[in-house]
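Following: one structure in structure tokens, then a few remarks.
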Amino acid sequence: MIRDWKSMQITKEFIELGIANGTLNKAQCKILGLDFPLNENWEELITDKELTLKETNLFLFLRGKLAIKAQEQIIKNYDLVADFHKQKKEVSKKDKPTEAEDKKKILEIYCDGACEGNPGKAGSGLAIYYLNDKPTLLYGQYTQRGTNNTAELNALYKALLIASEYPKSIIRTDSMYSLDCISNWAYGWKKNGWTRKGKEIKNLEIIKISHALYDSIKDKVTIQHIKAHAGFEGNELADRMAGLAIREKNDEYLEYHYDSIDEVLKMKEDIV
RNA sequence: UAAUACAGCGUG
DNA sequence: CACGCTGTATTA
């Protein structure tokens, strides 16, 4: 499509890709070197024009953005991303690649469960780090009657679900129980037809599906145990999210939008 | 039955 | 820091 990566002869078809509601916006006109609003013969004026890669990209990103503010934001973001790529390129040129950089590409998930009474109202929370210091926070899987352990198992299952979509990930939980269930004991139980010495195994449903999922992706997922309340940021955040799930009673997982991590950590026992 | 481990909570 | 409960598994 784009033969030359540095510049491109613009065509009528290309311009049409950028048109929304029958017109181009101000920023798009500026890129093409046209007046805004467009005058009658604008199509003739652009036939010979060449655009750089940046200009063609921006032209398309700007499609349909009427507000000047939105246009400015798009241009700003583009520069930001371009800058980021440039920096990254320079870094990987100097340092010999891999190791440190590969580590940053690993998906990192902290998961935690909580309950109000045991058994009682239960919920789960996750903090997901990927190429970023600011984790994505999820809270959900509220159940009216759960245990500390089902809440932890639920959180771990969600973490596995997410991990299954990435090439490499590490999951951290503070629940030795859930970790052992899914990645250790389950192998033995499975051999025994999901029983242990004739006695019933608790929480079998979640354990079965979690173990099946884990077993299918275990070569690219590591589950690690960490101590609870030991100051691991991700663990603390996941803990707050589990608490939030209980408060909000949402079964489906929702993303928690926030500004600062401190602000999230502070929501300890702010009663509604 | 006992012990251990990791959690989830509560009280002082 | 101390104590108490329940959830779950393991070992003996």
Side-chain angles (χ1 to χ4, degrees), chain A residues 108-128 135 137-163 169-215 218 221-251 253-254 256 264-272:
Chain A
E108 230 178 318
I109 308 176
Y110 289 82
C111 59
D112 193 30
C115 58
E116 217 178 79
N118 193 15
K121 301 172 188 176
S124 305
L126 305 259
I128 304 159
L137 302 183
L138 299 181
Y139 63 103
Q141 297 225 186
Y142 170 79
T143 52
Q144 207 158 20
R145 188 180 174 81
T147 67
N148 61 330
N149 292 332
T150 61
E152 300 276 11
L153 282 168
N154 284 337
L156 180 55
Y157 178 60
K158 179 64 176 176
L160 286 167
L161 234 37
I162 295 168
S169 32
I170 181 159
I171 298 171
R172 300 209 170 89
T173 173
D174 61 29
S175 167
M176 258 275 118
Y177 164 72
S178 63
L179 186 144
D180 277 335
C181 275
I182 272 55
S183 66
N184 188 11
W185 300 329
Y187 287 104
W189 296 338
K190 192 164 49 173
K191 259 186 225 156
N192 272 23
W194 295 106
T195 62
R196 63 171 161 119
K197 297 193 302 197
K199 295 224 64 147
E200 166 202 27
I201 300 165
K202 304 285 186 180
N203 312 319
L204 242 194
E205 297 282 317
I206 334 160
I207 291 175
K208 273 186 185 170
I209 56 175
S210 295
H211 174 69
L213 177 56
Y214 168 75
D215 199 38
K218 63 172 181 297
V221 178
T222 309
I223 309 180
Q224 200 176 78
H225 174 78
I226 55 171
K227 255 200 96 45
H229 316 121
F232 296 102
E233 181 187 280
N235 180 255
E236 300 296 336
L237 292 172
D239 175 73
R240 299 309 127 85
M241 288 304 102
L244 184 60
I246 293 173
R247 217 174 317 145
E248 301 291 329
K249 307 192 190 318
N250 54 307
D251 176 22
Y253 277 97
L254 299 177
Y256 182 73
V264 181
L265 292 176
K266 255 203 316 205
M267 65 184 230
K268 188 68 179 168
E269 201 53 48
D270 288 328
I271 319 162
V272 191

- Item | Distance, nearest 0.5 Å, that separates CG of A:Asp180 from CD1 of A:Ile223 | 10.0 Å
- Note on the structure: Whole-Å distance, A:Asn184 CG to B:rA5 C1', equals 13 Å
- A:Met176, nearest nucleotide to its side chain (from C:dT10, B:rC6, B:rG8): B:rC6
- Message: Before you tell me yes or no, could you show the steps for A:Asn154 and A:Tyr142 under side chain to side chain donor-acceptor pair (under 3.5 Å), namely the whole-Å CA-CA distance, both residues' side-chain angles and the distance that decides it to 0.1 Å?
- Response: CA-CA 10 Å; A:Asn154 284 337; A:Tyr142 170 79; over 6 Å; no
- Query: So what does A:Gly120 hit on the nucleic acid, given a heavy-atom distance under 4.0 Å: a base, only sugar-phosphate, or nothing?
  - Reply: nothing
- Query: Whole Å only: how far is the CD1 atom of A:Ile182 from the P atom of B:rC6?
  - Reply: 19 Å
- Under 4.0 angstrom, heavy atoms only, what part of the nucleic acid is A:Ile201 near: base, sugar-phosphate, or nothing? sugar-phosphate
- Item | Of the listed nucleotides C:dT8, B:rA7, C:dA9, the one nearest the side chain of A:Asn149 | C:dT8
- Upstream residue (5' side of RNA chain B) when A:Ser175 and A:Ile246 are each assigned their closest nucleotide: A:Ser175
- Task: Whole angstrom is fine here: how far is it from CH2 in A:Trp189 over to P in C:dT8?
- Result: 11 Å
- Item | Among B:rA7, C:dT10, B:rC9, the one nearest A:Ala114 by side-chain distance | B:rC9
- Task: May I have the distance from A:Leu204 (atom CG) to C:dT8 (atom C1'), rounded to whole angstrom?
- Result: 13 Å
- Return the nearest nucleotide to the side chain of A:Asp112; candidates are B:rG8, C:dT8, C:dT11. B:rG8
- Query: Just how far, in rounded Å, is P of C:dT8 from CH2 of A:Trp185?
  - Reply: 12 Å
- Item | Rounded interatomic separation in angstrom, taking NE2 from A:His225 and C1' from C:dA9 | 14 Å
- Derivation and outcome, side chain to side chain donor-acceptor pair (under 3.5 Å), residues A:Asp215 and A:Tyr187: CA-CA 9 Å; A:Asp215 199 38; A:Tyr187 287 104; 2.6 Å; yes
- Options C:dG7, C:dT8, B:rG8, nucleotide nearest the side-chain atoms of A:Pro119: C:dG7
- Message: Quick check for you: among C:dT10, B:rG8, C:dT8, whose closest atom lies nearest to any side-chain atom of A:Arg196?
- Response: C:dT10
- Query: Which part of the nucleic acid does A:Thr150 contact within heavy-atom distance under 4.0 Å: base, sugar-phosphate only, or nothing?
  - Reply: sugar-phosphate
- Give the nucleotide from the list C:dT11, B:rC6, C:dT8 with an atom nearest to the side chain of A:Lys197. C:dT11
- Query: Rounded to the nearest Å, what distance is computed from the CG atom of residue A:Asp180 to the C1' atom of nucleotide C:dT8?
  - Reply: 11 Å
- Message: When you compare the side chains of A:Asp174 and A:Tyr110, does any donor N or O come within less than 3.5 Å of an acceptor on the partner?
- Response: no
- Query: Mind checking whether A:Arg172 and A:Ile170 have side chains closer than 4.5 Å, heavy atoms only?
  - Reply: yes
- Measure the distance from CG on A:Asn235 to P on B:rG8 and round it to the nearest whole Å. 8 Å
